[in-house]
Amino acid sequence: MAGDKSKQNRTSQSQPALLKINNLKTPLFGPLNLSVAAGECVAIRGKSGAGKSIFLRAIADLDPNEGEVTLNGKNRNTMPANEWRRKVMLLPAESGWWADRVGEHFENTDNIDDLLEALSLPADIVTWLVRRLSTGERQRLGIARALALKPKILLMDEPTAALDPQVTNNVETLMRQQLANGVGIVLITHDPDQGRRLGDRRLLLEDGALVVERNTPDSEGQQP
Amino acid sequence: MSTYISLSYFDVALASVFIIINGLISIAFKLGLAQKLFFVSLRMAAQLFLVGLLLNWIFTLSSPWLTAGVALAMGLFAGREIWARQDKRLAGVWGYGIGTGAMMFSGMLVAVVALSAMIEPQPWWSPRYALPLFGMILGNTMTGVSLALDNITTMADRERTAIEARLMLGMTRWQAMLPFVRRSLRAGFMPIINAMAAMGIVALPGMMTGQILSGVAPQEAVKYQILIMLLIGGATGLGVIGATLASTYRLTDDRHRLRLDMLEQK
(Lines give C-alpha, C1' and ligand atoms only; values in the text may rest on other atoms or scores of the structure.)
Protein backbone atom coordinates (compact mmCIF):
# COMPACT_ATOMS: atom_id res chain seq x y z
CA MET A 1 0.00 0.00 0.00
CA ALA A 2 1.27 3.46 -0.90
CA GLY A 3 -0.02 4.79 2.39
CA ASP A 4 2.15 2.37 4.36
CA LYS A 5 5.31 3.57 2.70
CA SER A 6 4.62 7.24 3.37
CA LYS A 7 3.68 6.28 6.93
CA GLN A 8 7.10 4.79 7.52
CA ASN A 9 8.74 7.91 6.16
CA ARG A 10 6.61 10.14 8.33
CA THR A 11 7.35 8.77 11.74
CA SER A 12 10.09 7.23 13.71
CA GLN A 13 9.75 5.77 17.17
CA SER A 14 12.31 8.11 18.67
CA GLN A 15 10.39 11.31 17.97
CA PRO A 16 9.45 13.27 21.10
CA ALA A 17 5.76 13.60 21.86
CA LEU A 18 4.00 16.66 20.46
CA LEU A 19 0.84 15.96 22.41
CA LYS A 20 1.16 14.13 25.70
CA ILE A 21 -1.81 12.96 27.74
CA ASN A 22 -1.30 11.72 31.28
CA ASN A 23 -4.04 10.22 33.42
CA LEU A 24 -6.82 12.00 31.62
CA LYS A 25 -10.14 11.19 33.17
CA THR A 26 -13.72 12.35 33.38
CA PRO A 27 -16.55 10.82 35.38
CA LEU A 28 -17.20 8.66 32.29
CA PHE A 29 -13.78 7.18 31.52
CA GLY A 30 -10.12 7.01 32.31
CA PRO A 31 -7.50 7.47 33.40
CA LEU A 32 -6.11 7.36 29.86
CA ASN A 33 -2.57 7.96 28.61
CA LEU A 34 -1.56 8.73 25.06
CA SER A 35 1.22 10.52 23.29
CA VAL A 36 1.21 11.71 19.71
CA ALA A 37 4.36 12.73 17.87
CA ALA A 38 4.57 15.44 15.24
CA GLY A 39 3.45 13.95 11.94
CA GLU A 40 1.97 10.90 13.61
CA CYS A 41 -1.57 9.64 13.19
CA VAL A 42 -3.08 7.59 16.00
CA ALA A 43 -6.26 5.82 14.89
CA ILE A 44 -8.73 4.86 17.59
CA ARG A 45 -11.60 2.45 17.18
CA GLY A 46 -14.15 1.25 19.66
CA LYS A 47 -17.77 0.34 20.05
CA SER A 48 -20.43 3.03 19.99
CA GLY A 49 -20.68 4.47 23.47
CA ALA A 50 -17.13 3.43 24.39
CA GLY A 51 -16.33 7.09 25.05
CA LYS A 52 -14.23 7.90 21.99
CA SER A 53 -15.88 11.26 21.33
CA ILE A 54 -15.80 12.15 25.02
CA PHE A 55 -12.10 11.34 25.05
CA LEU A 56 -11.49 13.84 22.24
CA ARG A 57 -13.65 16.44 23.96
CA ALA A 58 -11.64 15.99 27.13
CA ILE A 59 -8.36 16.50 25.26
CA ALA A 60 -9.79 19.72 23.83
CA ASP A 61 -10.87 20.63 27.39
CA LEU A 62 -14.50 21.02 26.34
CA ASP A 63 -15.86 19.14 29.35
CA PRO A 64 -14.64 19.21 32.94
CA ASN A 65 -11.82 16.68 33.28
CA GLU A 66 -8.74 15.83 35.26
CA GLY A 67 -5.25 14.98 34.13
CA GLU A 68 -2.23 16.50 32.53
CA VAL A 69 -2.23 17.34 28.85
CA THR A 70 0.73 19.07 27.25
CA LEU A 71 1.58 20.36 23.80
CA ASN A 72 5.32 20.59 23.11
CA GLY A 73 5.82 20.17 26.83
CA LYS A 74 3.57 23.10 27.66
CA ASN A 75 0.71 22.28 30.02
CA ARG A 76 -2.65 23.35 28.70
CA ASN A 77 -3.55 24.84 32.07
CA THR A 78 -0.85 27.46 31.60
CA MET A 79 -2.73 28.96 28.67
CA PRO A 80 -6.31 30.13 28.18
CA ALA A 81 -8.52 27.30 26.96
CA ASN A 82 -9.43 29.17 23.78
CA GLU A 83 -5.76 29.41 22.86
CA TRP A 84 -5.35 25.69 23.59
CA ARG A 85 -8.24 24.75 21.32
CA ARG A 86 -6.80 26.80 18.48
CA LYS A 87 -3.68 24.62 18.61
CA VAL A 88 -5.38 21.35 19.54
CA MET A 89 -8.33 21.48 17.18
CA LEU A 90 -11.34 19.24 17.66
CA LEU A 91 -13.35 18.30 14.60
CA PRO A 92 -16.55 16.77 15.92
CA ALA A 93 -18.65 14.30 14.00
CA GLU A 94 -21.39 16.90 13.69
CA SER A 95 -20.25 20.35 12.62
CA GLY A 96 -21.94 23.42 14.09
CA TRP A 97 -23.19 26.46 12.17
CA TRP A 98 -24.41 29.77 13.51
CA ALA A 99 -24.81 32.17 10.57
CA ASP A 100 -26.70 32.11 7.28
CA ARG A 101 -23.78 32.10 4.84
CA VAL A 102 -20.85 29.70 4.69
CA GLY A 103 -18.26 32.48 4.53
CA GLU A 104 -19.34 33.90 7.88
CA HIS A 105 -18.04 30.76 9.55
CA PHE A 106 -14.48 31.37 8.44
CA GLU A 107 -12.23 33.79 10.25
CA ASN A 108 -10.75 34.76 6.90
CA THR A 109 -11.83 33.55 3.46
CA ASP A 110 -8.84 34.97 1.56
CA ASN A 111 -6.52 31.98 1.63
CA ILE A 112 -8.83 29.00 1.61
CA ASP A 113 -9.14 28.33 -2.14
CA ASP A 114 -6.53 25.57 -2.07
CA LEU A 115 -8.20 23.94 0.90
CA LEU A 116 -11.60 24.05 -0.76
CA GLU A 117 -10.17 22.63 -3.97
CA ALA A 118 -8.44 19.82 -2.10
CA LEU A 119 -11.80 18.93 -0.59
CA SER A 120 -13.58 19.07 -3.98
CA LEU A 121 -15.59 22.09 -2.92
CA PRO A 122 -16.28 24.96 -5.34
CA ALA A 123 -14.55 28.26 -4.52
CA ASP A 124 -17.86 30.15 -4.46
CA ILE A 125 -19.24 27.89 -1.74
CA VAL A 126 -18.40 30.64 0.76
CA THR A 127 -21.33 32.63 -0.62
CA TRP A 128 -23.78 29.73 -0.28
CA LEU A 129 -26.48 29.45 2.31
CA VAL A 130 -25.63 26.96 5.06
CA ARG A 131 -29.10 25.45 5.00
CA ARG A 132 -28.55 24.52 1.34
CA LEU A 133 -25.51 22.39 2.16
CA SER A 134 -25.57 18.61 2.15
CA THR A 135 -24.29 16.66 5.14
CA GLY A 136 -21.11 15.82 3.26
CA GLU A 137 -20.51 19.44 2.28
CA ARG A 138 -20.95 20.49 5.88
CA GLN A 139 -18.49 17.88 7.02
CA ARG A 140 -15.87 18.99 4.51
CA LEU A 141 -16.43 22.67 5.27
CA GLY A 142 -15.97 21.85 8.93
CA ILE A 143 -12.58 20.38 8.06
CA ALA A 144 -11.65 23.38 5.88
CA ARG A 145 -12.69 25.83 8.59
CA ALA A 146 -10.52 24.05 11.15
CA LEU A 147 -7.47 23.56 8.90
CA ALA A 148 -7.57 27.24 7.89
CA LEU A 149 -6.55 28.03 11.47
CA LYS A 150 -3.41 25.88 11.12
CA PRO A 151 -3.65 23.81 14.30
CA LYS A 152 -0.76 21.70 15.61
CA ILE A 153 -2.96 18.75 16.55
CA LEU A 154 -6.14 17.56 14.88
CA LEU A 155 -8.65 15.57 16.90
CA MET A 156 -10.87 14.12 14.19
CA ASP A 157 -14.11 12.35 15.05
CA GLU A 158 -15.29 10.30 12.07
CA PRO A 159 -14.16 12.92 9.55
CA THR A 160 -15.35 10.97 6.51
CA ALA A 161 -18.48 9.31 7.88
CA ALA A 162 -20.82 11.14 5.49
CA LEU A 163 -18.54 11.09 2.44
CA ASP A 164 -18.40 8.93 -0.67
CA PRO A 165 -15.18 6.96 -1.45
CA GLN A 166 -13.87 9.55 -3.91
CA VAL A 167 -14.23 12.45 -1.48
CA THR A 168 -13.02 10.30 1.41
CA ASN A 169 -9.88 9.79 -0.62
CA ASN A 170 -9.51 13.58 -1.01
CA VAL A 171 -9.87 14.10 2.72
CA GLU A 172 -7.32 11.39 3.45
CA THR A 173 -4.87 13.00 1.01
CA LEU A 174 -5.33 16.29 2.82
CA MET A 175 -4.75 14.54 6.15
CA ARG A 176 -1.51 13.03 4.81
CA GLN A 177 -0.40 16.53 3.78
CA GLN A 178 -1.09 17.76 7.28
CA LEU A 179 0.92 14.87 8.72
CA ALA A 180 3.76 15.63 6.33
CA ASN A 181 3.71 19.21 7.66
CA GLY A 182 4.21 17.92 11.18
CA VAL A 183 0.64 18.06 12.40
CA GLY A 184 -0.31 15.27 14.79
CA ILE A 185 -3.67 13.56 14.31
CA VAL A 186 -5.86 11.57 16.66
CA LEU A 187 -8.39 9.92 14.39
CA ILE A 188 -11.57 8.21 15.48
CA THR A 189 -12.91 5.94 12.80
CA HIS A 190 -15.33 3.08 12.57
CA ASP A 191 -13.68 1.99 9.35
CA PRO A 192 -10.82 -0.47 10.09
CA ASP A 193 -9.43 0.06 6.59
CA GLN A 194 -9.18 3.79 7.15
CA GLY A 195 -7.42 3.10 10.43
CA ARG A 196 -4.89 0.94 8.57
CA ARG A 197 -4.46 3.45 5.74
CA LEU A 198 -3.78 6.43 7.98
CA GLY A 199 -2.87 5.19 11.43
CA ASP A 200 0.78 4.92 12.38
CA ARG A 201 -0.59 3.28 15.50
CA ARG A 202 -3.99 1.73 15.92
CA LEU A 203 -5.67 1.61 19.31
CA LEU A 204 -8.92 0.29 20.68
CA LEU A 205 -10.91 2.09 23.35
CA GLU A 206 -12.39 -0.72 25.39
CA ASP A 207 -13.85 -0.73 28.89
CA GLY A 208 -12.47 2.72 29.50
CA ALA A 209 -8.89 1.82 28.50
CA LEU A 210 -6.79 2.29 25.37
CA VAL A 211 -5.22 -0.94 24.09
CA VAL A 212 -3.12 -1.65 21.04
CA GLU A 213 -5.28 -3.12 18.31
CA ARG A 214 -4.12 -6.57 17.24
CA ASN A 215 -4.40 -7.73 13.66
CA THR A 216 -7.15 -10.25 14.16
CA PRO A 217 -8.60 -11.73 10.98
CA ASP A 218 -11.71 -9.70 11.67
CA SER A 219 -9.94 -6.39 11.92
CA GLU A 220 -7.60 -7.22 9.05
CA GLY A 221 -10.54 -7.31 6.64
CA GLN A 222 -9.52 -9.47 3.67
CA GLN A 223 -9.56 -7.61 0.40
CA PRO A 224 -11.59 -9.39 -2.26
CA MET B 1 -62.04 69.18 34.38
CA SER B 2 -62.58 67.06 37.46
CA THR B 3 -65.33 64.76 36.23
CA TYR B 4 -64.37 61.46 37.80
CA ILE B 5 -66.82 58.62 37.11
CA SER B 6 -66.94 55.88 39.72
CA LEU B 7 -67.51 52.28 38.58
CA SER B 8 -69.97 49.87 40.18
CA TYR B 9 -68.95 46.21 40.80
CA PHE B 10 -71.56 45.23 38.22
CA ASP B 11 -69.68 47.26 35.57
CA VAL B 12 -66.51 45.42 36.52
CA ALA B 13 -68.17 42.00 36.32
CA LEU B 14 -69.65 42.87 32.93
CA ALA B 15 -66.13 43.43 31.58
CA SER B 16 -65.40 39.72 32.02
CA VAL B 17 -67.82 38.81 29.19
CA PHE B 18 -65.08 38.89 26.59
CA ILE B 19 -62.75 36.72 28.61
CA ILE B 20 -65.60 34.21 28.90
CA ILE B 21 -66.04 34.27 25.11
CA ASN B 22 -62.35 33.53 24.78
CA GLY B 23 -62.72 30.63 27.16
CA LEU B 24 -65.58 29.18 25.13
CA ILE B 25 -63.56 29.44 21.93
CA SER B 26 -60.70 27.67 23.66
CA ILE B 27 -62.99 24.86 24.79
CA ALA B 28 -64.54 24.54 21.31
CA PHE B 29 -61.16 24.25 19.62
CA LYS B 30 -59.52 22.32 22.47
CA LEU B 31 -56.82 24.95 22.85
CA GLY B 32 -56.37 24.09 26.50
CA LEU B 33 -56.40 27.75 27.52
CA ALA B 34 -59.83 28.06 29.11
CA GLN B 35 -58.82 26.90 32.56
CA LYS B 36 -55.68 29.00 32.57
CA LEU B 37 -57.56 32.07 31.41
CA PHE B 38 -60.25 31.58 34.03
CA PHE B 39 -57.87 31.18 36.92
CA VAL B 40 -55.54 33.94 35.84
CA SER B 41 -58.48 36.35 35.56
CA LEU B 42 -59.70 35.41 39.00
CA ARG B 43 -56.22 35.70 40.36
CA MET B 44 -55.72 39.11 38.78
CA ALA B 45 -58.95 40.43 40.29
CA ALA B 46 -58.16 39.04 43.73
CA GLN B 47 -54.62 40.42 43.65
CA LEU B 48 -55.87 43.88 42.72
CA PHE B 49 -58.57 43.93 45.39
CA LEU B 50 -56.05 42.98 48.01
CA VAL B 51 -53.49 45.45 46.78
CA GLY B 52 -56.13 48.20 46.90
CA LEU B 53 -56.73 47.45 50.55
CA LEU B 54 -53.03 47.17 51.24
CA LEU B 55 -52.20 50.47 49.55
CA ASN B 56 -54.86 52.26 51.55
CA TRP B 57 -53.26 50.99 54.71
CA ILE B 58 -49.70 51.77 53.62
CA PHE B 59 -50.56 55.31 52.53
CA THR B 60 -52.19 55.96 55.87
CA LEU B 61 -49.23 54.66 57.89
CA SER B 62 -46.62 56.27 55.61
CA SER B 63 -43.57 54.49 57.05
CA PRO B 64 -40.26 54.28 55.15
CA TRP B 65 -39.55 50.75 56.39
CA LEU B 66 -42.96 49.51 55.45
CA THR B 67 -42.59 51.10 52.02
CA ALA B 68 -39.21 49.44 51.55
CA GLY B 69 -40.62 46.13 52.76
CA VAL B 70 -43.49 46.25 50.30
CA ALA B 71 -41.12 47.17 47.47
CA LEU B 72 -38.95 44.21 48.39
CA ALA B 73 -41.94 41.88 48.48
CA MET B 74 -43.02 43.13 45.04
CA GLY B 75 -39.54 42.43 43.71
CA LEU B 76 -39.39 38.94 45.17
CA PHE B 77 -42.78 38.12 43.75
CA ALA B 78 -41.84 39.47 40.31
CA GLY B 79 -38.69 37.35 40.56
CA ARG B 80 -40.80 34.26 41.06
CA GLU B 81 -42.77 35.15 37.94
CA ILE B 82 -39.54 35.40 35.95
CA TRP B 83 -38.45 32.04 37.31
CA ALA B 84 -41.77 30.41 36.47
CA ARG B 85 -41.80 31.73 32.89
CA GLN B 86 -38.56 30.05 31.91
CA ASP B 87 -38.70 26.77 30.09
CA LYS B 88 -35.07 25.88 30.77
CA ARG B 89 -33.64 27.54 33.81
CA LEU B 90 -30.41 27.62 35.71
CA ALA B 91 -30.29 25.09 38.51
CA GLY B 92 -30.42 26.01 42.16
CA VAL B 93 -30.51 29.49 43.55
CA TRP B 94 -29.21 30.93 40.25
CA GLY B 95 -32.47 30.23 38.42
CA TYR B 96 -34.24 32.60 40.76
CA GLY B 97 -31.37 34.81 41.82
CA ILE B 98 -30.08 36.14 38.50
CA GLY B 99 -33.44 37.34 37.18
CA THR B 100 -34.60 38.71 40.51
CA GLY B 101 -31.27 40.33 41.29
CA ALA B 102 -30.92 42.05 37.91
CA MET B 103 -34.51 43.26 37.95
CA MET B 104 -34.41 44.51 41.55
CA PHE B 105 -31.09 46.25 41.11
CA SER B 106 -32.05 48.11 37.95
CA GLY B 107 -35.60 48.81 39.15
CA MET B 108 -34.49 50.18 42.52
CA LEU B 109 -31.70 52.25 41.02
CA VAL B 110 -33.97 53.91 38.47
CA ALA B 111 -36.86 54.38 40.92
CA VAL B 112 -34.68 55.94 43.62
CA VAL B 113 -33.04 58.36 41.17
CA ALA B 114 -36.43 59.30 39.69
CA LEU B 115 -38.00 59.88 43.09
CA SER B 116 -35.17 61.85 44.60
CA ALA B 117 -34.18 63.91 41.56
CA MET B 118 -37.21 64.18 39.26
CA ILE B 119 -40.58 63.66 40.88
CA GLU B 120 -39.36 64.79 44.34
CA PRO B 121 -42.34 64.08 46.58
CA GLN B 122 -42.02 64.97 50.28
CA PRO B 123 -40.55 62.74 51.67
CA TRP B 124 -38.89 61.27 48.58
CA TRP B 125 -39.93 57.72 49.53
CA SER B 126 -43.56 58.67 49.97
CA PRO B 127 -45.38 55.37 49.30
CA ARG B 128 -48.09 57.08 47.25
CA TYR B 129 -45.43 57.87 44.61
CA ALA B 130 -42.73 55.31 45.29
CA LEU B 131 -44.81 52.14 45.12
CA PRO B 132 -46.81 52.81 41.92
CA LEU B 133 -43.65 54.06 40.23
CA PHE B 134 -41.60 51.07 41.34
CA GLY B 135 -44.48 48.79 40.35
CA MET B 136 -44.62 50.12 36.80
CA ILE B 137 -40.88 49.87 36.39
CA LEU B 138 -40.80 46.41 37.91
CA GLY B 139 -43.66 45.05 35.80
CA ASN B 140 -41.99 46.02 32.54
CA THR B 141 -38.51 45.02 33.63
CA MET B 142 -39.91 41.66 34.68
CA THR B 143 -41.30 41.05 31.18
CA GLY B 144 -38.04 42.00 29.52
CA VAL B 145 -35.85 40.01 31.89
CA SER B 146 -37.97 36.88 31.71
CA LEU B 147 -37.95 36.95 27.89
CA ALA B 148 -34.20 37.48 27.77
CA LEU B 149 -33.49 34.75 30.29
CA ASP B 150 -35.81 32.28 28.62
CA ASN B 151 -34.05 33.06 25.38
CA ILE B 152 -30.48 32.67 26.55
CA THR B 153 -31.01 29.41 28.40
CA THR B 154 -33.15 27.86 25.67
CA MET B 155 -30.68 28.99 23.02
CA ALA B 156 -27.66 27.69 24.90
CA ASP B 157 -29.35 24.30 25.07
CA ARG B 158 -30.68 24.20 21.52
CA GLU B 159 -27.64 25.77 19.83
CA ARG B 160 -25.11 23.72 21.72
CA THR B 161 -23.51 22.38 18.54
CA ALA B 162 -23.07 25.88 17.13
CA ILE B 163 -21.75 27.37 20.39
CA GLU B 164 -19.30 24.52 20.88
CA ALA B 165 -18.20 24.78 17.25
CA ARG B 166 -17.25 28.38 18.00
CA LEU B 167 -15.41 27.31 21.14
CA MET B 168 -13.57 24.60 19.21
CA LEU B 169 -12.42 27.22 16.71
CA GLY B 170 -10.68 29.05 19.53
CA MET B 171 -13.22 31.63 20.63
CA THR B 172 -13.56 32.71 24.23
CA ARG B 173 -16.82 32.00 26.00
CA TRP B 174 -17.99 35.58 25.45
CA GLN B 175 -17.12 35.51 21.76
CA ALA B 176 -18.75 32.12 21.34
CA MET B 177 -21.95 33.21 23.04
CA LEU B 178 -22.15 36.63 21.40
CA PRO B 179 -24.67 35.90 18.60
CA PHE B 180 -26.94 34.24 21.15
CA VAL B 181 -26.46 36.97 23.75
CA ARG B 182 -27.42 39.48 21.06
CA ARG B 183 -30.57 37.58 20.22
CA SER B 184 -31.54 37.35 23.88
CA LEU B 185 -30.96 41.06 24.42
CA ARG B 186 -33.11 41.79 21.39
CA ALA B 187 -35.89 39.56 22.75
CA GLY B 188 -35.69 41.30 26.12
CA PHE B 189 -35.73 44.80 24.65
CA MET B 190 -38.45 44.08 22.10
CA PRO B 191 -41.55 44.65 24.29
CA ILE B 192 -40.38 48.00 25.61
CA ILE B 193 -39.22 49.14 22.16
CA ASN B 194 -42.58 48.13 20.70
CA ALA B 195 -44.40 49.83 23.54
CA MET B 196 -42.47 53.06 23.05
CA ALA B 197 -42.95 52.98 19.29
CA ALA B 198 -46.69 52.45 19.61
CA MET B 199 -47.12 54.91 22.46
CA GLY B 200 -49.72 57.57 21.76
CA ILE B 201 -50.47 56.31 18.26
CA VAL B 202 -51.60 52.72 18.65
CA ALA B 203 -52.20 52.88 22.38
CA LEU B 204 -52.83 55.48 25.00
CA PRO B 205 -50.85 54.23 27.96
CA GLY B 206 -52.64 53.10 31.07
CA MET B 207 -51.18 55.56 33.50
CA MET B 208 -51.82 58.54 31.26
CA THR B 209 -55.35 57.36 30.55
CA GLY B 210 -55.85 56.93 34.27
CA GLN B 211 -54.68 60.43 35.02
CA ILE B 212 -56.86 61.90 32.28
CA LEU B 213 -59.86 59.88 33.50
CA SER B 214 -59.34 61.27 36.98
CA GLY B 215 -59.27 64.84 35.74
CA VAL B 216 -55.63 65.73 35.10
CA ALA B 217 -54.97 67.95 32.07
CA PRO B 218 -53.69 65.85 29.13
CA GLN B 219 -50.43 67.79 28.69
CA GLU B 220 -49.61 67.19 32.37
CA ALA B 221 -50.45 63.51 32.03
CA VAL B 222 -48.26 63.32 28.93
CA LYS B 223 -45.22 64.69 30.80
CA TYR B 224 -45.64 62.02 33.45
CA GLN B 225 -46.03 59.34 30.84
CA ILE B 226 -42.88 60.34 28.96
CA LEU B 227 -40.92 60.37 32.19
CA ILE B 228 -42.25 56.95 33.14
CA MET B 229 -41.56 55.42 29.74
CA LEU B 230 -37.98 56.66 29.78
CA LEU B 231 -37.51 55.26 33.27
CA ILE B 232 -39.08 51.94 32.29
CA GLY B 233 -36.96 51.74 29.15
CA GLY B 234 -33.81 52.43 31.14
CA ALA B 235 -34.58 49.97 33.89
CA THR B 236 -35.65 47.23 31.48
CA GLY B 237 -32.47 47.69 29.49
CA LEU B 238 -30.22 47.50 32.53
CA GLY B 239 -32.11 44.50 33.91
CA VAL B 240 -32.05 42.64 30.59
CA ILE B 241 -28.34 43.25 30.03
CA GLY B 242 -27.47 42.32 33.62
CA ALA B 243 -29.52 39.14 33.60
CA THR B 244 -28.31 38.00 30.17
CA LEU B 245 -24.63 38.56 30.95
CA ALA B 246 -24.90 36.94 34.36
CA SER B 247 -26.60 33.90 32.82
CA THR B 248 -23.96 33.67 30.11
CA TYR B 249 -21.31 33.78 32.80
CA ARG B 250 -23.04 31.02 34.71
CA LEU B 251 -23.62 28.86 31.62
CA THR B 252 -19.91 28.85 30.81
CA ASP B 253 -16.78 28.42 32.89
CA ASP B 254 -13.31 29.91 33.13
CA ARG B 255 -11.92 27.22 30.79
CA HIS B 256 -14.30 28.60 28.15
CA ARG B 257 -16.62 25.61 28.15
CA LEU B 258 -20.35 25.56 27.64
CA ARG B 259 -21.80 24.16 30.89
CA LEU B 260 -25.30 22.92 30.18
CA ASP B 261 -25.03 20.94 33.41
CA MET B 262 -25.70 24.27 35.12
CA LEU B 263 -29.26 24.09 33.79
CA GLU B 264 -31.98 22.43 35.79
CA GLN B 265 -32.15 18.78 34.78
CA LYS B 266 -35.74 17.83 34.08
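Chain identifiers are assigned alphabetically (A, B, ...) following the order of the sequence lines, protein sequences preceding nucleic acid strands; residue numbering begins at 1 within each chain.
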Checking an interface table here. Which of residues 24-34 of chain B come within a heavy-atom distance under 4.5 Å of chain A?
none
More than 12 heavy atoms of other residues, nucleotides or ligands under 6.0 Å from CZ of Phe189(B): yes or no?
yes
Heavy-atom pairs under 4.5 Å with chain B are the metric here; pick the option from Pro64(A), Ala148(A), Gly142(A) that has the most.
Pro64(A)
In terms of heavy-atom pairs under 4.5 Å with chain B, which of Pro80(A), Pro92(A), Ala60(A) leads?
Pro92(A)
Using non-hydrogen atoms only, which part of Leu62(A) is less than 4.5 Å away from chain B: side chain, backbone, both, or neither?
both
Using only the distance criterion (under 3.5 Å, no hydrogens considered), which donor-acceptor pairs connect chain B with chain A?
| residue | atom | partner | partner atom | Å |
| --- | --- | --- | --- | --- |
| Glu164(B) | OE1 | Arg57(A) | NH1 | 2.7 |
| Glu164(B) | OE1 | Arg57(A) | NH2 | 3.2 |
| Glu164(B) | OE2 | Arg57(A) | NH2 | 2.8 |
| Arg255(B) | O | Arg85(A) | NH2 | 2.7 |
| Arg255(B) | NE | Asp61(A) | OD2 | 2.9 |
| Arg255(B) | NH1 | Met79(A) | O | 2.9 |
| Arg255(B) | NH2 | Asp61(A) | OD2 | 3.2 |
| Arg255(B) | NH2 | Arg76(A) | O | 3.0 |
| His256(B) | O | Arg85(A) | NH1 | 2.8 |
| His256(B) | O | Arg85(A) | NH2 | 3.2 |
| Arg257(B) | NE | Asp61(A) | O | 3.0 |
| Arg257(B) | NE | Asp61(A) | OD1 | 3.4 |
| Arg257(B) | NE | Asp63(A) | O | 3.4 |
| Arg257(B) | NH2 | Asp61(A) | OD1 | 2.5 |

Would you mind checking which part of Pro151(A) comes under 4.5 Å of any heavy atom in chain B, side chain (CB onward), backbone (N, CA, C, O), both or neither?
neither
